[in-house]
Amino acid sequence: ACSNGDAKKDTAGSSSAVTALNVGMPNGPQTENHNPFLGSSSGASLGYRWMIYEPLVMINAIKPAEKGKPWLATEWAWSENFTKLSLTIRDGVKFSDGSPMTADDVAYSFQLRKDNEGLNTDAIPYGTITATGNKVDLTFTKSQFTNQNKVLTVFVVPKAQWSTFADPSKDVVKNPIGTGPYKLKSFTPQTTTLEVRDSYWQDLPKIKELRYTSYNDNNAQTTALANGSAEWSFVFVPNYKTVYVDKDPDHHKLWFPANLGIHGLWINTTKKPFDNPALRRAMDKVINRDDIFNQGEAGYFYPKVESVTGIPTPAGESFIAPEYKDKKHAVDVDGAKAELSTAGFKLEGNVLKDPTGKPVTLTLTDPAGWSDYVTDLEIIKDNLSQIGIKATIDKANQDSWFKAIDEGNFDAAMHWTNGGATPFDIYQNIMDGKILKPVGKGGVSGNYGRFNSPEATKALDEYANAKDETARTAALNTLQKIMVEQMPVIPTSASNVGGMYSTKHWVGWPDEQNQYAPAQPTQQNALQIILNLKPAGA
Amino acid sequence: MTATETEPVTTDDVVLEAEGLTKHFPVRRGVRTLFTRERRAVHAVDDLRLTLRRGRVTALVGESGSGKSTVARLLAQLYPRTSGDIRLHGKTVTVHGGRKFRAYCRQVQMIFQDPFASLNPVHTVRYHLTRALKIHGRAGKTSAELEDNLNQLLLRVQLTPPERYLDKFPHELSGGQRQRVSIARALGADPEVLLADEPVSMLDVSIRLGVLNLLRDLKERLNLAILYITHDIASARYFADETMVMYAGRLVEGGDSETVTQHPAHPYTRLLIESAPDPDRLDRVGDLKDAPEDEAGGEPPSLIVPPSGCRFHPRCIHAMPKCSTELPPRFELSPRSELAVIAGKSDHWAACWLYEEGAAK
Amino acid sequence: MTNSGLKAPILEIKDFNVDYGLGEQSVQAVRDVTLTLHRGEVLGLAGESGSGKSTLAYGITRLLPPPGVISGGSVIYHPPGEDPYDVMALSNAELRKFRWAETSIVFQGAMNSLNPVHKVSTQMLDVIRAHEPQLSAEARLARAHEMLKLVGISSDRMDAYPHQLSGGMRQRVMIGMALVLEPQVVIMDEPTTALDVVMQRQILAQLVELRERLDFSVLFITHDLSLLVEFSDRIAIMYGGRIVEEAKSADLYKDSLHPYSEGLLKSFPALRGPRKELAGIPGSPPDLRGMPSGCAFHPRCPHAFDRCSTEIPVLGVPEARNDPNRQVACWLPGRVPVA
Amino acid sequence: MKYLLQRIAFYLFTAWAAITINFFIPRLIPGDPVSSLINKYQGQISTEAIQSLYVLFGLDKNAGMWSQYVDYWQQIFRGDLGISFNFFPTPVSEILAQSLPWTIALVGVTTIVSFALGTGLGVIAGWRRGSWMDGLLPVTTFISSIPYFWLGLLAITVLAGADSFFPSSGGYEPGLVPSWDGEFIGSAIRHSLLPAFTILISSVSGWILSMRNMMVTVASEDYITVAHAKGLPERRVMVSYAARNALLPNVSGFALSLGFIVGGTLLVEIVFSYPGIGYNLFQAVGAKDYPLMQGVFLVITLSVLVANLLADIAYLLLDPRTRKEG
Amino acid sequence: MSAPASTITAVTPEGPAGAVAPAKRRRLRFVANSKAATGLILLAFYSLIAIIGPWIAPFDPSARSSDLLQGPSGKHWFGTTHLGQDIFSQILVGTRGVMFVGLLAGVIATALSVLIGVTSGFLGGASDEALSALSNVFLVIPALPLIIIVASTIPSAGDLMVALVIGLTSWAWGARVLRAQTLSLRRRDYVEAARATGESTWRIITVEILPNLTAIIASGFVGTVIFAIMSEITLAFIGISTISEWNWGTILFWAQSQQALASGAWWWFVPAGLAIAILGTALSLVNFGIDEFVSPRLRSAGRTKVKTTDGHTVRMRVGFTPVLSQNGAKEPVTPVLRKTADNAKGVA
Ligand SMILES: Nc1ncnc2c1ncn2[C@@H]1O[C@H](COP(=O)(O)OP(=O)(O)OP(=O)(O)O)[C@@H](O)[C@H]1O
Ligand SMILES: Nc1ncnc2c1ncn2[C@@H]1O[C@H](COP(=O)(O)OP(=O)(O)OP(=O)(O)O)[C@@H](O)[C@H]1O
Ligand SMILES: [Mg+2]
Ligand SMILES: [Mg+2]
């Protein structure tokens with residue numbers, strides 16, 4: 001069952017003979033673990049959990065603001081203040097063991113999360129969970145506006161099976177039973193094979209067999225993609241054109257749309273002179289995001305953040321405040337210099353002096369192994385020298401770096417933000433005063449730059465608990481303003497939910513033209529893609 | 001060599017004495033003895049009494065493995081003794097290292113058996129000798145003085161001209177030259193006692209003679225007490241004033257060299273003397289067949305479980321029942337008339353029941 | 001050579017030369033040695049240490065360690081009833097066949113001569129198998145047993161490892177092994193120096209006995225002149241790489257012709273009889289790299305005269321006594337060889 | 001026997017010390033599995049998940065070091081190595097059971113082959129000093145100085161193309177189910193060729209060198225000359241006299257290298273994505289997966305110890321001199 | 001005494017060997033060994049680069065340029081990286097770190113192994129048991145993984161730290177070998193003899209025993225240096241090392257993470273690998289030299305092939321002494337009188 005061989009055979013014969021799809025992930029050998037709750041499971045790591053366990057609602061991760069597609073729930077309704085949710089469960093859905101899926105199962109799936117803190121990975125404050133007929137009603141102890149998608153995309157497990165587990169968070173679920181179109185066929189540490197079920201509540205997918213192979217590293221994954229033995233993956237490939245696309249330009253495609261999360265240069269806003277927003281703004285003005293995108297992120301991996309608000313587009317297009325609608329990042333060295341001199345900085349020769357007359361220097365840190373971030377830093381270092389800032393790059397080791405960031409012991413570092421259904425997650429992660437801790441104290445869950453802005457904290461609070469859309473928009477606009485003017489983080493790139501795929505045997509993949517789902521094989525939306533794929537040439 | 005009787009021994013004071021000297025080397029236990037309580041050991045030297053006198057050479061002969069070298073090393077305090085007493089000028093000494101050991105070294109020096117092993121291959125002759133001089137404070141103050149002392153040392157052992165040998169490494173020397181360097185090193189300390197463990201074994205007869213003459217000369221000029229260990233009984237006869245015979249860790253006979261070699265008393269000594277090749281027995285080859293009486297075919301006894309009683313009894317043709325049970329003490333041999341003149345000074349004794357008063361001869 | 005009174009030659013060494021190293025650095029350790037070993041005789045070889053005795057022994061079997069090379073001469077072997085041939089001209093394969101079957105060697109250090117990791121029996125059987133492959137396993141074993149018994153090692157020690165045997169036993173094993181193929185010539189290089197006299201006599205006695213039964217010839221090397229005189233038929237004395245004198249042992253002992261032999265004999269103490277004066281030889285052995293001109297012994301010779309320092313004396317039957325069994329290399333009057 | 005008992009006691013002590021160190025070292029590393037996980041997913045896991053992960057991994061309970069240590073020993077004696085964080089909740093023993101055979105097969109076989117080959121060549125090189133074999137030494141030295149991960153990468157690039165016979169990664173063809181059938185074994189062998197070749201090339205010259213030097217030393221021993229004098233066939237002298245003795249000092253080196261099979265070839269496994277235990281360790285270090293790290297260390301420690309013990313025994317068996325009694 | 005000392009005059013013939021020669025001759029012999037000489041020259045070259053590398057580097061190794069990922073050219077001898085950095089400069093600048101870490105770690109590990117190995121071997125008894133248990137524990141703990149872990153424990157460690165870590169973790173093997181050797185030297189007669197002469201223990205260890213361990217110590221040092229270099233490069237290569245400076249491992253790390261080989265950028269990958277391999281070779285060659293220099297046995301048996309005067313090549317072999325060609329052989333230097341017919345040529 002050599003997939004490579006299969007592919008060759010298939011091209012020789014008729015392409016309709018292809019019934020399987022080879023998915024790959026660069027995650028190393030797996031242990032048999034199909035527990036969908038655990039990020040460490042092979043199901044999660046390779047992404048096939050979504051072929052077995054289905055969500056209540058399918059939400060397009062690249063368009064989080066759109067209303068989701070009904071999936072196991074046909075209808076859902078939030079109370080005005082987002083503390084209550086009422087779900088209507090689809091009829092006629094059967095688990096792969098033949099038993100029907102009921103509201104009980106759904107309620108149980110919520111109850112599991114509520115009862116096991118370890119399974120409640122989104123930290124949703126569940127209140128009551130009740131199942132009546134085909135309805136499930138949930139209450140929450142506080143507004144779930146910002147978490148609404150997380151609640152709706154909860155996947156459903158069969159109560160009959162799961163209630164037998166002694167500890168659901170420690171069970172490897174050797175025999176996964178779900179409502180999805182596929183069931184487990186075989187497992188090896190390298191490859192997990194799924195086969196299509198006999199029946200499904202929707203049309204059965206065309207692909208009869210899914211093979212999820214775990215390659216040990218990016219190089220191996222890339223090689224597999226290049227030679228066609230993996231047809232779908234998510235991997236960082238430097239120089240992807242030569243290494244991947246050029247190997248079969250007609251079929252080797254990739255699409256890396258952004259979602260609502262960003263990467264950027266976090267600045268320790270407590271350190272002088274970087275507590276001065278003018279300096280941060282000036283830095284922002286000289287950073288060459290094209291270089292970062294092309295050289296650091298290989299021209300595809302983390303898409304550019306264009307809006308000055310740091311909100312990735314098109315995912316966050318609709319959230320951008322009117323005043324910033326057309327404002328895009330652009331390198332403007334003169335503008336930066338002007339900004340600096342108004343703020344009292346002086347550029348003496350090649351050296352920028354702060355208002356007190358001290359030269360401006362900073363250390364950029366990131367773990368040595370993170371080649372893309374380190375490349376980004378090299379570029380930023382170069383860019384900053386244009387306005388006389390002398391940057392040095394410190395390639396710390398990962399753990400000490402993490403500790404330093406956590407405790408605020410850094411000048412500036414490339415780091416990510418949280419992502420979510422709205423830009424709230426990004427801003428909350430960057431600016432929330434509620435999670436602010438003094439420098440030297442760790443255990444923070446964001447605001448690494450120790451950005452202290454009561455105004456921002458208030459706006460965040462308002463946004464999360466707003467009763468209506470106008471209030472929300474107002475709060476978000478305020479946040480955007482703060483972001484642009486204070487620049488606690490200089491955004492460089494957006495997070496992505498992309499993927500690389502081959503159209504040789506299967507077509508119907510999402511792309512720029514057809515953005516029905518993100519192209520990443522480990523996202524929930526992968527199920528949508530699988531359902532949408534058709535044999536090439538058919 | 002001239003015979004000893006020409007000059008009488010002038011001084012008779014005892015320099016180094018050993019009393020009841022015993023050395024057992026513990027043996028690693030084997031499977032069978034693992035759980036038994038008894039500890040096994042090589043009884044290398046047992047209850048040895050030995051006296052070294054100023055200006056006298058004492059020879060120690062015996063079969064290989066009988067513990068001769070062990071005696072020398074015990075006397076040099078290189079091995080801790082199992083029991084017994086070593087007295088230097090009448091004072092018991094037990095030293096393990098440090099300054100006291102150095103002081104002891106200055107008086108008691110040893111020449112090792114194997115000149116190939118006892119010179120450090122990475123150091124030159126100069127180094128070896130300089131150290132010997134320096135440690136004992138005889139190097140002199142200036143480098144010229146040191147050079148002078150070195151030269152004299154080499155001249156004394158007839159390595160001439162000294163400058164030809166000073167900067168040589170041991171491997172560049174012949175066996176005889178090495179043995180002479182060893183001797184020079186021991187002399188560097190200007191000792192009172194010289195423990196010479198087979199100092200001439202590797203040499204051909206002519207060189208051997210030269211070295212022995214040197215030692216004799218030193219003995220006479222510096223009044224050295226010398227312990228001369230050898231296999232060559234003939235040389236003991238010529239060179240030593242007194243000869244001791246050792247068998248399986250014990251002394252079995254001792255006395256004036258001439259007496260011991262010419263009139264051996266102990267059966268083992270007789271065997272030894274009998275076995276020594278003799279060019280004067282003219283129908284040579286045929287003779288060899290009639291090897292001297294030896295019950296065990298020349299095999300030495302086990303030293304781990306030494307024979308009870310007299311250790312020689314399993315090989316002894318004169319063995320009596322008593323021999324296998326009781327350890328013979330030293331029996332003074334009444335000086336026989338023809339020997340009285342020669343043996344007068346040192347009493348001739350043997351540890352053999354044959355010489356018990358009234359024993360059947 | 002016409003050596004009346006002796007049996008036929010078995011090994012003829014002619015003009016034998018051995019060098020250590022080549023070119024300018026070389027040491028000429030054995031020079032122009034001519035020596036004949038006769039059937040059934042014990043030929044003793046003595047001399048100063050470093051005079052090349054071992055080198056000669058190794059050289060004639062071509063076992064010299066590098067950088068030794070044989071730079072000239074021949075060693076003619078006379079197998080009984082066959083044509084003689086030159087050992088120096090043998091190919092490696094022929095040499096292998098020749099060795100041990102025709103000449104065997106007992107080296108000085110028996111403790112190092114035995115392979116420490118194999119049993120005595122294995123090493124013994126190895127030899128028989130290599131040279132007489134047609135023999136059955138039992139026959140080989142029987143032969144090995146018999147041989148060890150001859151040298152006085154009981155058969156229960158057959159399976160002992162070398163370290164389990166005493167030095168004397170090892171030495172005897174080596175002698176047994178040397179005789180196991182019943183060779184014509186046995187070369188022994190100081191086989192008993194490490195042993196005490198009792199053991200030494202034991203071993204030699206056994207050897208004498210065996211020789212009578214097996215009729216081999218022995219080349220016996222030792223420093224121990226008394227032993228040599230007692231044990232060998234003829235003695236050759238080496239000095240500075242050359243044979244300086246060769247004679248029947250009694251003759252040599254009583255009346256040596258070369259000043260060096262004389263010196264040697266005057267140097268060793270006798271155990272029995274009246275105490276003699278020991279004279280010794282003054283001076284020290286020559287340096288092989290820079291040999292004195294003329295007779296190598298002349299700087300130490302009490303009788304040296306002009307000719308000695310310029311001309312190298314030849315080894316030959318001295319004019320004075322026309323005994324073909326006596327040869328000497330000396331310019332002293334009466335000892336110059338007959339032309 | 002006494003000797004053996006002594007050795008065993010010594011090994012027990014060493015094992016205790018090493019295992020204790022193995023326990024403490026991972027705990028000295030700053031960071032924890034959760035933050036590593038978060039780092040790994042750079043933004044894909046939101047910070048809200050942190051608490052739930054701590055709970056999941058049982059890291060919310062703050063057990064003291066000492067009680068952890070006691071637990072650890074209890075676990076070891078039960079044969080329970082704990083649960084891996086990285087592959088939560090798979091038991092470490094299961095992960096090790098899955099990867100160990102690969103490592104042992106690949107590295108074990110290559111180590112043995114390398115030792116055998118290197119020793120063989122070393123014997124010849126040492127025996128015929130100055131022949132062409134000896135001239136090969138600088139070449140092998142050069143080869144052994146090449147970092148083997150580099151060699152491996154080069155091999156992958158040059159030899160393992162899309163259409164090449166040599167696969168570039170993995171332990172077997174993706175999609176195959178491990179079983180004892182021809183197809184699987186064939187595939188496994190094919191996948192092991194390049195890594196094996198890489199290890200072989202970079203390790204063989206070490207054996208050649210040490211064996212050669214021993215041979216040179218042994219060849220000047222008297223018993224070799226005697227063996228020649230005995231007219232034994234050359235092969236016999238070379239093998240059973242010279243090589244047999246020259247091999248002895250190499251035995252302990254070989255045993256040690258057997259012990260290092262597990263730990264020593266981490267990089268080959270990384271480079272060739274070989275599903276072995278070295279790769280596990282690499283993952284475990286990256287993920288702060290203490291239990292897995294400890295498990296791998298335990299395996300390494302024990303294998304080195306066992307190998308050492310085997311070396312002692314082998315030495316006893318091979319060298320009659322050490323068997324002396326009394 | 002009929003031969004009193006005074007009459008035994010040494011009449012030694014004047015040999016050609018000069019008395020002054022030995023020391024000098026030995027020192028020269030080391031260099032005369034062609035392997036060692038090659039190794040030394042290479043090593044000297046690397047050391048030179050380590051010192052002057054940063055000054056002679058044509059570019060700043062971190063500086064970006066617009067020549068992205070270009071092959072070797074006149075401007076960039078070894079090509080450029082994906083950021084347009086000059087690889088040649090990176091190699092030059094990286095040499096210092098590699099040499100520093102290698103040598104320092106080598107020195108530390110060697111010093112430790114000598115200290116622990118020799119002490120434990122010499123002292124024996126309980127301290128021996130304790131020290132050898134210690135080294136056994138360090139031996140059992142796998143070095144590379146340990147180094148990886150320790151290196152990742154130390155926040156932002158520099159070259160010095162890496163060298164310390166490697167040095168502190170890799171002495172055990174050397175200590176073990178040295179201990180065994182010391183054990184066998186301790187009872188040698190010359191050590192006993194030194195004791196009998198009255199040398200102090202300290203001096204016996206340093207002056208009598210240590211020089212005899214030179215070969216082992218030297219080869220241990222060379223081995224550790226190679227191991228340290230490999231470890232350092234490995235650490236950098238797998239991205240664990242915290243080194244902010246350039247070294248060859250960093251270069252390889254970048255080449256690997258940018259998939260240089262897959263995209264055909266061999267120049268990014270090959271120079272660093274070759275630099276390592278050649279440095280390793282140089283060290284091993286020096287090691288060969290040390291071996292032959294220190295060991296008298298290898299020294300005397302050094303040459304196996306010798307040319308005879310008449311142009312033949314003779315191979316020296318144990319067991320089969322070469323016989324120089326008889327026909328071309330020189331005439332016997334001395335006449336030997338023989339009564340056979342061919343003695344005509346013999347008489348001088
Ligand atoms: N360090 C030691 N450990 C154990 N046994 C030893 C030790 N040294 C010597 N022996 C044993 O003690 C006995 C006496 O040895 P010693 O060297 O004193 O004999 P020797 O008379 O000098 O012999 P030789 O004449 O061969 O030199 C021998 O059986 C020897 O094996
Ligand atoms: N490998 C070598 N290189 C140079 N010279 C050597 C070598 N081996 C031996 N010689 C020299 O050759 C000469 C003869 O040595 P050989 O061993 O034959 O002497 P020997 O007569 O057997 O002496 P001994 O009685 O001491 O055994 C010696 O002077 C020695 O220095
Ligand atoms: Mg002795
Ligand atoms: Mg000799």
Side-chain angles (χ1 to χ4, degrees), chain D residues 10-11 13-15 17-18 21-22 25-26 28-30 128-131 134 137-138 141-147 149-151 153-154 156-157 209 213 216-217 219-220 224-225 227-229 234 237 256 259-260 262-264 266-267 270 278 281-282 285-286 293 296-297 300-301 304-305 308, chain E residues 35 38 129 132-134 136-146 148-150 152-153 155 173 226 229-230 233-234 237-238 240 249 252 255-256 261-262 266 269-270 272-274 276-285 287-288 291 295 297-298 301 303-305 315-320:
Chain D
F10 185 66
Y11 283 134
F13 169 77
T14 310
I21 291 177
N22 290 349
I25 285 177
L28 294 176
I29 308 176
R128 303 191 167 268
R129 248 161 73 80
S131 71
D134 223 22
L137 281 178
T141 315
F142 177 73
I143 289 174
S144 71
S145 302
I146 300 174
F149 60 85
W150 190 81
L151 197 65
L153 289 171
L154 210 64
I156 293 179
T157 316
L209 263 186
N213 287 346
V216 170
T217 313
S220 58
I224 300 299
T225 314
H228 280 299
E234 171 132 23
V237 181
L256 263 179
F260 290 140
V262 181
L266 196 119
L267 279 184
I270 294 174
L281 179 66
F282 181 60
V285 170
M293 260 187 265
V296 175
F297 272 149
I300 297 177
T301 307
V304 177
L305 281 176
N308 252 316
Chain E
K35 282 188 206 136
T38 316
E129 288 292 322
S132 40
L134 180 71
N136 235 41
V137 170
F138 267 86
L139 199 64
V140 163
I141 295 173
L144 187 60
L146 184 70
I148 290 175
I149 287 177
V150 177
S152 63
T153 316
W173 179 248
I226 295 180
I229 289 174
M230 291 285 183
I233 283 162
T234 304
F237 173 71
I238 56 181
I240 276 184
L252 289 176
Q256 171 69 353
L261 280 176
W266 55 267
F269 190 78
V270 170
L274 283 186
I276 299 166
I278 294 172
L279 177 55
T281 313
L283 285 165
S284 311
L285 289 179
N287 197 11
F288 277 139
D291 273 2
S295 147
R297 202 165 226 164
L298 282 175
R303 287 169 69 207
T304 54
K305 266 187 204 157
R315 204 155 79 74
M316 302 279 189
R317 274 199 62 192
V318 176
F320 297 94

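Residue numbers start from 1 in every chain, and the chains themselves are labelled A, B, ... in the order their sequence lines are given, proteins ahead of strands.
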Novice: For each of G280(E), A272(E), S284(E), G273(E), tally heavy-atom pairs with chain D at distances under 4.5 Å, and name the one with the top tally.
Specialist: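 Top count of heavy-atom pairs under 4.5 Å with chain D: G273(E).
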Novice: Using non-hydrogen atoms only, which part of W173(E) is less than 4.5 Å away from chain D: side chain, backbone, both, or neither?
Specialist: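 Just its side chain gets close to chain D.
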Novice: Under 3.5 Å, is there a donor-acceptor pair between the side chain of W150(D) and the main chain of L274(E)?
Specialist: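 Not a single qualifying donor-acceptor pair exists.
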Novice: Rounded to the nearest 0.5 Å, how far does CH2 of W266(E) lie from OG1 of T157(D)?
Specialist: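 Answer for the OG1-CH2 pair, T157(D) versus W266(E), is 13.5 Å.
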Novice: Counting only non-hydrogen atoms closer than 4.5 Å, does E129(E) touch chain D with its backbone (N, CA, C, O), its side chain (CB onward), both, or neither?
Specialist: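 Answer is both: backbone and side chain atoms of E129(E) are under 4.5 Å from chain D.
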Novice: Run the side chain to side chain contact (heavy atoms under 4.5 Å, CB included) test on Y11(D) and N136(E) for me, step by step, so that the C-alpha distance in whole Å, both residues' side-chain angles and the decisive distance to 0.1 Å come before the verdict.
Specialist: CA-CA 9 Å; Y11(D) 283 134; N136(E) 235 41; 4.0 Å; yes
Novice: Can you tell which part of F142(D) gets under 4.5 Å to a heavy atom of chain E, answering side chain, backbone, both or neither?
Specialist: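 Both parts, heavy atoms under 4.5 Å.
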Novice: Starting from the C-alpha separation in whole Å, work towards a yes-or-no answer on side chain to side chain contact (heavy atoms under 4.5 Å, CB included) for F237(E) and L153(D).
Specialist: CA-CA 12 Å; F237(E) 173 71; L153(D) 289 171; 3.6 Å; yes
Novice: Looking only at heavy atoms, which two atoms of A277(E) and I146(D) are closest? And how far apart?
Specialist: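 Smallest heavy-atom distance, with atoms named: CB-CG1, 3.6 Å.
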Novice: So for L209(D), is it side chain, backbone, both, or neither that comes closer than 4.5 Å to the heavy atoms of chain E?
Specialist: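 For L209(D), the side chain is the part near chain E, not the backbone.
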Novice: Which region of I229(E), side chain (C-beta onward) or backbone (N, CA, C, O), has a non-hydrogen atom less than 4.5 Å from a non-hydrogen atom of chain D, or is it both or neither?
Specialist: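 I229(E) has no heavy atom closer than 4.5 Å to chain D.
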Novice: Go through the atoms of L252(E) and report whether side chain, backbone, both or neither lie under 4.5 Å from a heavy atom of chain D.
Specialist: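 Only the side chain of L252(E) comes within 4.5 Å of chain D.
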Novice: Between S145(D) and T281(E), which heavy-atom pair has the shortest distance, and what is it?
Specialist: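 It is OG-N, 3.2 Å.
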